[in-house]
Amino acid sequence: MWIIVALVVDFCLYLFAGQDIALDFLGGYLIELSLSVDNLFVFLSIFTSFGVQEQYRHRVLHYGIIGAAVLRLVFILLGVTIVSRFEWILYVFGVILVCNGGKMLYTREVKEKSIESSFGMRLVRRFIPITENFCGDCFFVLKEGKRGKKCRYATPLFAVLVVVELSDILFAIDSVPAVFSVTTDPVIVYTSNLLAILGLRQMYFGLEKLAKRFVYMKFGIAAVLIFTGIKLTVAMFDRTISTGASIGVILVALSASMAASLFATKKGSA
């Protein structure tokens, strides 16, 4: 549904704002959507490591996406302000994207970790006491404290939400500069980001069932990061890569990695 909404918005932009604006929106949306796939794999790893039951994941994703929408707005406004004053920062973003894309190619799978040792749990414990076990889908509960008074405790589910939000901040460091490779118009950047983010909850539960089959998706996502980084850095030498060509490269990278994943798992060779 959210993909259809994004395509309708893009068509309206084409009718009322012109082809260039529509291509910028589509390019930004595809970049954000492709990078969100990697984000979803991290969410799956977090839920699995923390032992979050499936019926409670809906609530975490719901509030996680709301938080992500707010945080992305802050990142984008800050980024646009910085870029408008220091245009050379785009070249720095480009180098960071290329490095992160290369790093992704050699990153191994996230190892399972206990809830107690997680950064999110330690961060929450600094500000509020936390229960030992999950309490349904509650983020906070009232429990009897040491002095017999009712105190508010956070639950491990709230710590999971904190970890999800922190992971999204890390992904925003990649995704927002990547969209800047297409356009620095804050309205286009944010709307393309927002529509991609809003579909994450539904996309997660579809991807969860097929996660084991997308074994090579990270290579496609890494290719997108490296390409957008190169697109930013070549501007330093007065070279430009058109938005249309960028969309084509992104689609080819994602389609190739997805096809390779499905073929490899079907044959049992992965």
Side-chain angles (χ1 to χ4, degrees), residues 2 32-69 71 100 103-125 130-141 153-175 196-222 224-225 254 257-258 260-262 264-266 268-270:
W2 286 112
E32 179 60 32
L33 194 65
S34 61
L35 297 182
S36 294
V37 172
D38 193 45
N39 207 347
L40 292 177
F41 281 115
V42 173
F43 289 170
L44 179 59
S45 175
I46 291 171
F47 290 145
T48 302
S49 299
F50 284 25
V52 181
Q53 297 182 21
E54 185 172 346
Q55 61 266 32
Y56 304 145
R57 298 179 183 186
H58 291 269
R59 182 171 170 81
V60 174
L61 288 171
H62 175 74
Y63 285 97
I65 289 170
I66 292 175
L71 289 172
N100 287 349
K103 181 180 177 182
M104 184 181 292
L105 294 176
Y106 297 98
T107 300
R108 295 181 179 181
E109 296 296 326
V110 180
K111 297 181 179 179
E112 288 193 5
K113 55 186 177 181
S114 66
I115 296 177
E116 292 298 325
S117 63
S118 69
F119 175 73
M121 184 69 78
R122 298 198 305 270
L123 181 63
V124 173
R125 284 190 187 280
I130 191 167
T131 62
E132 295 297 328
N133 301 308
F134 290 96
C135 301
D137 64 351
C138 297
F139 292 134
F140 298 95
V141 293
Y153 281 70
T155 69
L157 195 66
F158 180 71
V160 173
L161 177 62
V162 172
V163 174
V164 167
E165 293 292 1
L166 290 175
S167 70
D168 186 73
I169 291 175
L170 294 177
F171 276 97
I173 295 174
D174 279 340
S175 65
I197 290 171
L198 289 175
L200 286 184
R201 181 177 173 180
Q202 288 74 18
M203 189 185 296
Y204 169 83
F205 292 102
L207 184 64
E208 185 180 35
K209 308 299 181 183
L210 299 171
K212 292 182 179 180
R213 299 204 63 186
F214 290 137
V215 292
Y216 297 133
M217 277 300 293
K218 76 170 187 176
F219 295 104
I221 297 167
V224 172
L225 277 177
L254 295 178
S257 60
M258 186 179 298
S261 298
L262 297 177
T265 52
K266 182 179 179 181
S269 59

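The first residue in the sequence is number 1, and the count goes up from there. Remember, it's a predicted structure, so these values are computed and weren't measured experimentally. The figures that follow rest on heavy atoms only: side chains count, while hydrogens, waters and symmetry mates do not.
Remark: Tyr56 pairs with no residue by the ring pair (Phe, Tyr, Trp, His ring centres under 6.0 Å) rule, at least two apart or across chains. Partners of Ala222 by side chain to side chain contact (heavy atoms under 4.5 Å, CB included), not counting sequence neighbours, listed by chain and number: Met104, Leu105. With sequence neighbours excluded, the residues that form a side chain to side chain contact (heavy atoms under 4.5 Å, CB included) with Ile197 are Glu32, Ile65, Ala68, Arg72, Leu200. Every side chain to side chain donor-acceptor pair (under 3.5 Å) that His62 has, sequence neighbours left out, goes to Arg201. Under the side chain to side chain contact (heavy atoms under 4.5 Å, CB included) criterion, Cys138 pairs with Val141, not counting sequence neighbours.
Contact record, Met217 with Ser257: SD-OG, 3.6 Å, taken as the closest heavy-atom pair. Contact record, Leu254 with Ser34: CD1-CB, 3.3 Å, taken as the closest heavy-atom pair.
Taking 4.5 Å as the limit, every side-chain heavy atom of Pro156 sits out of range of all side-chain heavy atoms of Asn133. Side-chain contact between Phe134 and Val52 is present, with heavy atoms from C-beta onward closer than 4.5 Å. Looking only at side-chain heavy atoms (C-beta outward), Ser167 and Phe43 come within less than 4.5 Å of each other.
Remark: of the listed residues Leu157, Asp137, Val163, Leu157 is the sole one forming a side-chain contact (heavy atoms from CB on, under 4.5 Å) with Val60.
Note: Phe140 and Phe158 have tilted aromatic rings, judged against thresholds of 30 and 60 degrees for the angle between ring planes.
Annotation: the span from Ile221 atom CD1 to Asn100 atom CG amounts to 13.0 Å, rounded to 0.5 Å.
Residues in residues 48-58 take part in these salt bridge (Lys or Arg N to Asp or Glu O under 4.0 Å) pairs, two or more places apart or across chains: Glu54-Lys209, Arg57-Glu208.
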- Message: Let's go through Leu61 and Phe47 carefully: what are the C-alpha distance in whole Å and the side-chain angles of both, what is the deciding distance for side-chain contact (heavy atoms from CB on, under 4.5 Å) to 0.1 Å, and is it a yes or a no?
- Response: CA-CA 10 Å; Leu61 288 171; Phe47 290 145; 4.1 Å; yes

